There are 2 protein chains.
Amino acid sequence: MPIDLDRLPVDRGSGVSLWRQIAERIESEITTGAFPPSSQLPSESELTERFGVNRHTVRRALAVLAEKGLVRAVKGRGSFVEEAPLPYPIGRRVRFSENVMAAGRAPRGRLLGVATVVDAEPTRRLGLPPRTPLLRIEMVSSANGVPLSRSTSWFEKARFEGLEAELQRTGSVSRAFAAHGIADYARLETAISARPADPAEQDLLELPPGRAVLVVDAVNADAEGRPIQVQRTRFAADRVHLVVKS
Amino acid sequence: MPIDLDRLPVDRGSGVSLWRQIAERIESEITTGAFPPSSQLPSESELTERFGVNRHTVRRALAVLAEKGLVRAVKGRGSFVEEAPLPYPIGRRVRFSENVMAAGRAPRGRLLGVATVVDAEPTRRLGLPPRTPLLRIEMVSSANGVPLSRSTSWFEKARFEGLEAELQRTGSVSRAFAAHGIADYARLETAISARPADPAEQDLLELPPGRAVLVVDAVNADAEGRPIQVQRTRFAADRVHLVVKS
DNA sequence: CCAGCTTGTCTACTAATATAGACAAGTTGG
DNA sequence: CCAACTTGTCTATATTAGTAGACAAGCTGG
């Protein structure tokens, strides 16, 4: 009687729960490269057949792996192996698109919303008089369709009127700046902290509860050193590692 | 706050059952020598405290180890680490007491019962005329108080009248033979098989259900080569390894 | 002998694990 | 568009794991 290669049976009554056995097996297939980064895992019903267990049991195993940041489930599409964390250099020149492309992945920016606001803190950091109207822009940035960060930026409204249209079109802050006559810009200051993702961030960044976000507060300036952008970015810490060279 | 060294907590909700964690921990302490062979394990209630679980959970862990032949529980006394299997040479000269003492353990024989019987098969193997009355003697032999084997022996009643008294006194077949003028004797033939212990053997040999016994059928002869003893011994296979030198 | 230890067995109950099935809702490709 | 796939969520139920307590029965040392 030939062994059925499609079946990888589990040990029942061994004192190790089935969901743990399955999670360990899938994890080892990921770390050994049988399931490479960004590849799609077999569907839950397929894993159900392979391991000879109930779908709920497979789901619990996948939930454990998602909790560890090893896989990510997308409703309607399937489960995917997470990429290795992207090294994200922090220095005088910080460009999201360049950083993502340097890792061989495809950058994308999605505009969430635009508002005109008056806000004392960013105004002060932009070096503008109090109560100057600001453009506040909310974005989500991704690599190969995987969301990496969610950012809020403040610009002087008078100087960057219509910036959001260019952002909408290109998804890139650098290109939107270029369309407004800013050929180059530089990082003035960067403050880094971290905390658990809040529910809104879990949703936008497709994170399981309890995962951390890196909170990066930054000020960018034009060629003359005048502040033009105050930005607060929340990176999914499982997908991005900040690298500071001194 | 100092760590409580008396407590070795277990991982709850890890997907590994508590009885398995405890069994693995105790097993590793046995194999690393923290609990040497024949030493007494902490009592169940003590282990209950150390691991912070219910006594039933500890008992299940100990049952697993007993099932593997690593420990043995004795009602009213405690649980003990099993000795390494005793190498038991099978050749022309086979002596239980010598074999046990060679391993530095104390041999003992306990007489279970004596009967006068007529039995065709042992009579034939003793080379006696059919229907010759035989002495049938049942024994349990142990080392350091741990039962190793249960044996049934047949002798010619006429020649060995009163043998059982000597056996009772000395617990040794060799000495009983000596008292009957047999200074030396030799193994003529040995047949070896194995099977699971039956309930009576489980009881006499203090074996958990399902463990194997080695069944050794042997004929011993006097210095002139005449058969004097037909013996069927059941060794606890976890405690004795038969060694045949060729 | 007997108090105090040990293991063995039993019942009752709660929590964790696993199964079974149904249906909602998002995605994809023809 | 829509059929066929995917993941997400819900209810219900059976089995295993773990807790709690009581009591029987064997051993040991004073």
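Predicted model, so just to flag it, every value in this text is computed and none were measured. Below, read A as the first sequence line, B as the second, and so on, with proteins coming before strands; counting in each chain starts at 1.
Below the 3.5 angstrom threshold, one finds a donor paired with an acceptor across the side chain of B:Arg55 and the base of C:dG8.
Contacts of A:Arg72 with the nucleic acid, taken as non-hydrogen atoms under 4.0 Å apart, are absent. At the heavy-atom level, B:Arg60 lies under 4.0 Å from the strands shown only through sugar-phosphate atoms.
Along DNA chain C, the nucleotide nearest to A:Gly76 and the one nearest to A:Trp19 differ in position, and the one closer to the 5' end is contacted by A:Trp19. Nearest-nucleotide assignment on DNA chain D puts the 5′-proximal partner with A:Glu44, out of B:Leu18 and A:Glu44. Taking the nucleotide of DNA chain C with the nearest heavy atom to each of B:Pro42 and A:His56, the more 5' of the two is matched to B:Pro42.
Rounded to an integer number of Å, the gap from CZ of B:Phe80 to C1' of D:dC27 is 10 Å. Atom CZ in A:Arg59 sits about 15 Å away from atom P in D:dT11, given to the nearest Å. The CD-C1' distance, from B:Gln40 to C:dT7, rounds to 11 Å in whole Å. At whole-Å resolution of the value, CD in B:Glu46 and P in C:dC5 are 12 Å apart. One can place CG of B:Asp203 at 14 Å from C1' of C:dG8, the figure rounded to the nearest angstrom. Atom CZ in A:Phe51 sits roughly 16 Å away from atom C1' in C:dA18 (whole-Å rounding). Counting to the nearest Å, the P atom of D:dT19 and the CG atom of B:Leu47 are 14 Å from each other. Here the C1' atom of nucleotide D:dT6 and the CG atom of A:Leu62 are 13 Å apart, to the nearest Å.
The residue from A:Glu82, A:Glu83, A:Glu206 that alone fulfils the salt bridge (Lys or Arg N to Asp or Glu O under 4.0 Å) condition with A:Arg239 is A:Glu82. A:Arg234 pairs with exactly one of A:Thr152, A:Val216, A:Leu214 by the side chain to side chain contact (heavy atoms under 4.5 Å, CB included) rule, that one being A:Thr152. Residue B:Glu201 forms a side-chain hydrogen bond (donor to acceptor under 3.5 Å, both in side chains) with just one option from B:Arg195, B:Arg150, B:Arg211, and that option is B:Arg195.
Listed nucleotides: D:dT6, D:dT7, C:dA18. Nearest to the side chain of A:Ser79: D:dT7. For B:Arg77, taking side-chain heavy atoms from C-beta onward, the closest of the listed nucleotides D:dC27, D:dT7, C:dT7 is D:dC27.
For B:Arg25 and B:Glu29, the salt-bridge test fails: no basic side-chain N is under 4.0 Å from an acidic carboxylate O.
In the model, A:Ser45 has a side-chain atom that pairs as donor or acceptor with a side-chain atom of A:Ser43 under 3.5 Å.
When the side-chain nitrogen and oxygen atoms of A:Ser43 are compared with OP1 and OP2 of D:dT6, one or more of them lie within a distance under 4.0 Å. Between B:Thr57 and D:dT19 there is a side-chain N or O to OP1 or OP2 distance below 4.0 Å.
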